[in-house]
Amino acid sequence: MPRIEPFEPSIHSDREQIYSPAEDTRLLLKAALQEVGPGDRVLEIGCGRALISRELSLKARLVVATDVNPHATRMARSLGLETIRADLFRGIRARYDLVVFNPPYLPTAPEERSPGWINYALDGGESGRETIIRFLEGLPEHLSPGGRALLLVSSHCEIPRVIEAADRAGLGAQVVDRERFFFEELQVLKIHKL
Ligand SMILES: C[S@@+](CC[C@H](N)C(=O)[O-])C[C@H]1O[C@@H](n2cnc3c(N)ncnc32)[C@H](O)[C@@H]1O
């Protein structure tokens, strides 16, 4: 369980403390734009600078953007998005037709952590899968009937073990898009309840 700093209502949104959209963002956005429908109620976990939530809000019935990082939620709110600051699904009771998450997936030892809130964008725990596994465990009770999720994963976090974790949570996963870079392969998993 990550340590969650208390909410500081007067905090200013510091862009340097928010993940800057990268190849993983763009691959997930492409898959999400292909997947979303006009009637969908969408939840983006870990919205960062809210690029994906903003694009989806032009196509979906509803988009809720969440992040554990208060700089990110403040930025999303300033862009007019419905926003919740939360650790994954904590305190979120509604179910959604589409859940989207580009998680922190880098294997990170305690001494490798970055200072500040940006660490939450990168630090996947020692295995790279710590946040992903907690996400998969919470997902089933937040999917509406027929609901689906798109999860960005990297070869850094051993994708077959992510799929095994999904199975243990009662979820099926298929690869719907992938891209290879010289240092990693990124995949988008489409996940549904079994
Ligand atoms: C790799 S960044 C992706 C940001 C953005 N969605 C994008 O694709 O550019 C991961 C995001 O997840 C957020 N995050 C990490 N752990 C989280 C948690 N337990 N609950 C909610 N958000 C979390 C981070 O703060 C960060 O904004």
Side-chain angles (χ1 to χ4, degrees), residues 1-8 11 13-33 35-36 42-57 60 63-79 81-92 94 96 98-108 112-139 142 149-157 162 165 177 179 181 183-184 186-189:
M1 177 72 66
R3 187 169 57 88
I4 305 298
E5 302 295 337
F7 179 61
E8 169 50 77
I11 198 163
S13 177
D14 176 354
R15 287 178 73 85
E16 297 303 310
Q17 290 293 326
I18 313 173
Y19 187 73
S20 187
E23 289 79 6
D24 50 1
T25 313
R26 285 182 268 279
L27 189 65
L28 182 58
L29 175 60
K30 179 159 73 103
L33 288 173
E35 181 63 34
V36 71
V42 180
L43 177 69
E44 185 185 9
I45 302 279
C47 63
R49 296 192 187 189
L51 176 66
I52 294 174
S53 283
R54 269 186 292 160
E55 292 288 332
L56 293 182
S57 71
V63 174
V64 178
T66 79
D67 208 293
V68 73
N69 177 348
H71 298 284
T73 48
R74 173 151 285 221
M75 177 179 283
R77 198 165 296 129
S78 74
L79 294 167
L81 292 162
E82 187 172 327
T83 306
I84 301 172
R85 182 180 176 228
D87 173 21
L88 296 179
F89 297 106
R90 185 168 286 189
I92 297 174
Y96 294 86
L98 179 62
V99 177
V100 179
F101 190 23
N102 176 11
Y105 54 68
L106 293 178
T108 309
E112 295 173 320
R113 288 180 186 148
S114 308
W117 289 102
I118 194 66
N119 186 62
Y120 285 94
L122 310 170
D123 180 353
E126 303 249 4
S127 67
R129 294 186 300 279
E130 286 183 11
T131 303
I132 290 172
I133 288 173
R134 289 199 302 121
F135 168 78
L136 292 170
E137 289 169 350
L139 180 61
H142 292 89
L150 294 174
L151 176 67
L152 189 292
V153 286
S154 158
S155 48
H156 285 303
C157 65
V162 173
D177 206 351
E179 200 167 341
F181 300 90
F183 52 94
E184 68 179 337
L186 299 177
Q187 296 184 4
V188 179
L189 301 181

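First listed ligand is number 1; within each ligand, the first listed atom is number 1.
Residues meeting the ring pair (Phe, Tyr, Trp, His ring centres under 6.0 Å) test with F135, sequence neighbours left out: F89, F101. Under the side-chain hydrogen bond (donor to acceptor under 3.5 Å, both in side chains) criterion, S154 pairs with E184, sequence neighbours left out.
Proximity of E44 to ligand 1 is established by a heavy-atom distance of less than 4.0 Å. Put simply, part of D87 is less than 4.0 Å from ligand 1, judged by heavy atoms. Ligand 1 has at least one atom lying under 4.0 Å from a heavy atom of L88.
Contacts of R49 with ligand 1, taken as heavy-atom pairs under 4.0 Å, are absent altogether. Residue-level proximity to ligand 1 for S20 is absent, since no heavy atom of it falls below 4.0 angstrom. Heavy atoms of A22 found under 4.0 angstrom from ligand 1: none, in either backbone or side chain.
Checking L79, L29, V63 one by one against R54, the side chain to side chain contact (heavy atoms under 4.5 Å, CB included) holds for a single residue, L79.
For D67 (side chain) and G48 (main-chain N/O), a donor-acceptor pair under 3.5 Å exists by modelled atom type. A side-chain donor-acceptor contact under 3.5 Å links Q17 to the backbone of I118. Without hydrogens or angle criteria, R49 side chain to I18 main chain gives a donor-acceptor distance under 3.5 Å.
D87 and Y120 share no donor-acceptor pair across their side chains, judged by distance under 3.5 Å alone.
Looking at A72 next to ligand 1, no N or O pair under 3.5 Å apart turns up. Any N or O atom pair closer than 3.5 Å counts here, and D67 shares at least one such pair with ligand 1. Of the N or O atoms in P103, none lie within a sub-3.5 Å distance of an N or O in ligand 1. For the pair Y19 and ligand 1, the shortest N or O to N or O distance does not fall below 3.5 Å. Remark: ligand 1 and D24 share no N or O pair separated by less than 3.5 Å (distance only, no angle test). Of the N or O atoms in N102, one or more lie within a sub-3.5 Å distance of an N or O in ligand 1.
Looking at V68, L122, L28, T66 and measuring to atom 17 (C) of ligand 1, the nearest heavy atom belongs to V68. The closest non-hydrogen atom to atom 15 (C) of ligand 1, taken over Y105, Y120, F101, comes from Y120. Across P21, G46, G48, heavy-atom proximity to atom 6 (N) of ligand 1 is greatest for G46.
The atoms of ligand 1 that sit less than 4.0 Å from any heavy atom of A86 are 20 (N), 21 (C).
Contact between G128 and C157 at its shortest, heavy atoms only, is O-CB, 3.7 Å. When all heavy atoms of L81 and S53 are compared, the closest pair comes out as CD1-CB, 3.9 Å.
Atom CD of residue E126 and atom OG1 of residue T108 lie 8.5 Å apart, to the nearest 0.5 angstrom.
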